[in-house]
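To start, the structure itself, in structure tokens.
Keep in mind that the numbers below use all heavy atoms, side chains included, and drop hydrogens, waters and symmetry copies.
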Amino acid sequence: IYLGAELPIDDLLAAVEEVGAQVLALSMVGRPGEAARSALAALRAGLPDRVRLWVGGAGSEELDAIPGVERIVRLEDLEQRVGLLDYEAA
């Protein structure tokens, strides 16, 4: 489901819980600053362990590694990971 741009962290976490999502995927369009890193770390900390946190987009290219946050580089990588979700669920 698409939730819009710049949604507050608490709203993202509530939406994930409400729909029982397996993944929260975000696209970054700007250069990641400390605020973006902090927001991703806060999201990861607020998500259940079972929920994956994926981040991609042009703005994620310079993102330092954050534990529990997977960077998606190419659209093909995203498609592959979504396919793996289906496989794991079976």
Side-chain angles (χ1 to χ4, degrees):
I1 59 174
Y2 177 74
L3 299 174
E6 298 186 28
L7 200 63
I9 291 172
D10 289 340
D11 292 348
L12 285 169
L13 295 172
V16 166
E17 184 67 28
E18 184 177 324
V19 301
Q22 293 177 294
V23 175
L24 174 59
L26 304 172
S27 178
M28 298 178 66
V29 294
R31 295 183 69 197
E34 188 54 40
R37 289 181 190 90
S38 295
L40 289 171
L43 279 169
R44 179 66 269 168
L47 290 169
D49 291 339
R50 65 172 176 75
V51 177
R52 295 182 171 126
L53 178 55
W54 296 345
V55 63
S60 72
E61 292 174 359
E62 298 178 24
L63 187 65
D64 296 332
I66 299 171
V69 178
E70 302 174 53
R71 193 164 74 84
I72 307 292
V73 177
R74 301 173 310 145
L75 185 57
E76 293 81 9
D77 297 335
L78 176 63
E79 291 171 345
Q80 182 182 33
R81 289 185 185 182
V82 169
L84 287 173
L85 288 175
D86 293 338
Y87 175 76
E88 291 171 358

Could you tabulate the donor-acceptor pairs under 3.5 Å formed by side-chain atoms of residues 17-30, not counting sequence neighbours?
none

Only pairs at least two apart or in different chains count here, so list each side chain to side chain donor-acceptor pair (under 3.5 Å) that has a residue in residues 42-53. Arg52-Glu88
If you look at every heavy atom in Ile9 and Ala42, which pair is closest and at what distance? CD1-CB, 3.9 Å
Identify whether Val73 and Leu63 are in the same connected component of the hydrophobic contact network (ILVMFWY, side-chain heavy atoms under 4.5 Å). no
State plainly whether one hydrophobic cluster holds both Leu84 and Val69, where clusters connect Ile, Leu, Val, Met, Phe, Trp and Tyr through side-chain heavy atoms under 4.5 angstrom apart. no
Hey, are the side chains of Asp77 and Trp54 touching, using non-hydrogen atoms and a 4.5 Å cut-off? no
Any heavy-atom pair between the side chains of Ile66 and Leu53 that's under 4.5 Å? no
Point-to-point distance, once rounded to the nearest 0.5 Å, from CD1 of Ile72 to CG of Leu78: 6.0 Å
